[in-house]
Peer 1: 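Just dropping this structure here.
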Amino acid sequence: MPTLRIEPPSDYLLRRDACSYGYFLLEPNHWDPPTSTFSTSIDLGTVATTVQVTQPGGKGTPLKVRTDSKLDAPSKKALRLSLARMLRLDEPAEVVRAFHKVDPRFRKSGRGRLMRSASFFEDVLKTVTSCNVTWPGTVNMNAKLCRVLGRETASGRHAFPLAETIAKARPATLRARCSVGYRDARIVELAKIFARDRVDAAWFESPSTPSQEKFDALLEWPGIGPYAAANILQLLGCYERLPLDTESVRHGRDVLGFTGTGEQIMQRVHRHFEPFGEHGFRSYWFELWAHYELRKGPSHTWIRDTTGKSFTAAQLKPVDLAKDLAAIRANMNRRNA
DNA sequence: GGTAGACCTGGACGC
DNA sequence: GCGTCCAGGTCTACC
C-alpha cells in the first residue's frame with residue numbers, strides 16, 4: 001500500500017484534532033477508535049482514493065498516510081492539500097496558543113483546531129444537509145450522496161461527489177435516492193454555482209477578506225440562511241460569529257442555566273461568548289463538545305454507527321439531562337475557576 | 001421590516 | 001404495523 005508522510009504542526013494530535021467536529025462522523029469520513037485511524041475517500045479529479053491516516057509516534061510526530069492506489073505527482077500534491085485543509089494542518093501551533101491565551105480552559109486538553117471537509121464545496125453541502133433536520137438525517141443524506149453520486153475508490157468506498165457531478169443530477173434523483181427532501185433543487189443549484197466557476201474559493205478562504213463580505217456573499221446562495229452562513233464562516237476559519245441554533249438554546253438553558261424564551265436565551269449565549277472575540281466560536285464549540293464528551297466519553301472513542309448517530313443534545317431525554325446537570329455545571333465551574 | 005406557514009424526513013409515541 | 005406528532009433552518013407570501 002503506497003504511503004505518504006506529512007509533517008503536522010508541533011502540537012498536532014490526530015485523535016484529538018480529527019475528532020473535533022461532527023463532520024468526522026459523516027461519510028466519506030470514518031474514525032476507527034481501536035486503531036486511532038482516520039480514513040476518508042477523496043475525489044482528486046483524475047482519480048478517487050481512500051486514505052488511512054495514523055500518527056504512530058503521538059503528538060507532533062509525522063502523520064502516516066496510506067492510499068489504496070498508486071498516485072502520480074499531481075494527485076499526491078492534491079491529496080496533501082485536501083488533507084491539510086480537512087485536518088487543519090495549515091493552522092500553526094501559535095494560532096492555537098493564541099486561542100488558549102484568550103480561553104485558558106482548553107490549554108490542558110490542547111483543543112483548538114476544528115476539522116472540516118476536504119473542499120469548500122463539501123463544507124457548504126454538509127452545512128445544507130445539517131439544516132432543519134435531526135442529526136441521523138444528516139448522517140443518512142451524506143451517506144447516500146456519497147453512495148449514489150460519489151466516485152468509487154479501489155477499496156470499494158465512495159468519495160464525496162464533485163460539484164460537477166451533482167450539477168448534472170436531476171433534483172428528483174437526489175430526493176428519491178439521497179433523502180434530501182425539499183433541499184433537492186437547492187443542492188443542485190449550489191452545485192451549478194460551483195461547477196460553473198462562479199465561486200472564487202481563494203477569496204472565501206483568504207483571511208484578508210472581511211468576514212462580513214463573505215457572510216453577505218453566502219446569504220445570496222440558495223439554501224443558505226443566517227445560521228448556515230455563520231457555520232460556513234467558521235469552517236472558513238472566521239470564528240467571531242456564532243452559528244446559533246436550537247442546540248445552542250439547549251446548551252444555554254441546560255448547561256449555562258439561562259432562562260427565558262428561545263430568542264432571549266440565544267441573545268444571552270451571544271453575549272456570553274462575546275469576550276472571546278475572534279475566537280468566540282472555538283470557545284462556544286469546545287464548551288458544547290465537552291458537554292457531549294462528558295456524556296458519551298472522549299470523541300475519539302465514538303463509533304460512527306452507534307454513539308455517532310446520537311451525540312447531539314436533541315437525542316438526549318430530558319430526564320437524562322436533569323440527571324447529569326449537576327455534574328456538567330460542576331465541570332464548567334472547575335474550568336472557569 | 002416582521003411574521004406565519006410550508007417545505008421533508010425520520011424518530012418517538014400511542015394504539 | 002400503522003397513523004400521528006414533532007423537531008429542525010430557510011424561503012416565500014402576506015401584512
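Protein chains get the first letters and strands the later ones, always in sequence-line order, with residue 1 at the start of each. Predicted model only: the values in this text are computed from it and were never measured.
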Peer 1: Report the distance from atom CZ of A:R183 to atom P of B:dT9, rounded to the nearest whole Å.
Peer 2: 9 Å

Peer 1: Tell me: CG of A:L145 to P of B:dT9, nearest whole Å?
Peer 2: 13 Å

Peer 1: May I ask you to check whether A:W221 and A:F204 place their ring centers less than 6.0 Å from one another?
Peer 2: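 That pair passes the under 6.0 Å test.
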
Peer 1: Is the shortest side-chain N to carboxylate O distance from A:D90 to A:R116 below 4.0 Å?
Peer 2: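 Salt bridge between A:D90 and A:R116, a charged N being under 4.0 Å from a carboxylate O: yes.
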
Peer 1: Would you tabulate the side-chain donor-acceptor contacts of residues 138-148 of chain A under 3.5 Å, counting partners in other chains and residues two or more places apart, or write 'none'?
Peer 2:
residue, atom, partner, partner atom, Å
A:T138, OG1, A:T129, O, 2.9
A:N142, OD1, A:K126, NZ, 3.3
A:N142, ND2, A:T129, OG1, 3.0
A:N142, ND2, A:T138, O, 3.0
A:K144, NZ, A:S179, OG, 2.8

Peer 1: Do A:F194 and A:F120 have their ring centres less than 6.0 Å from each other?
Peer 2: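 Ring centroids of A:F194 and A:F120 are less than 6.0 Å from each other.
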
Peer 1: Would you say A:Y23 and A:M86 make side-chain contact, with heavy atoms under 4.5 Å?
Peer 2: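 The answer is no; the side chains never approach within 4.5 Å.
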
Peer 1: Once you round it to whole Å, what is the distance between P of C:dG8 and CE of A:M141?
Peer 2: 14 Å

Peer 1: Summarise how protein sits on nucleotides 9-14 of chain C as a single string, 5' to 3': B when a protein heavy atom is under 4.0 Å from the base, S for sugar-phosphate-only contact, - for no contact.
Peer 2: BSS---

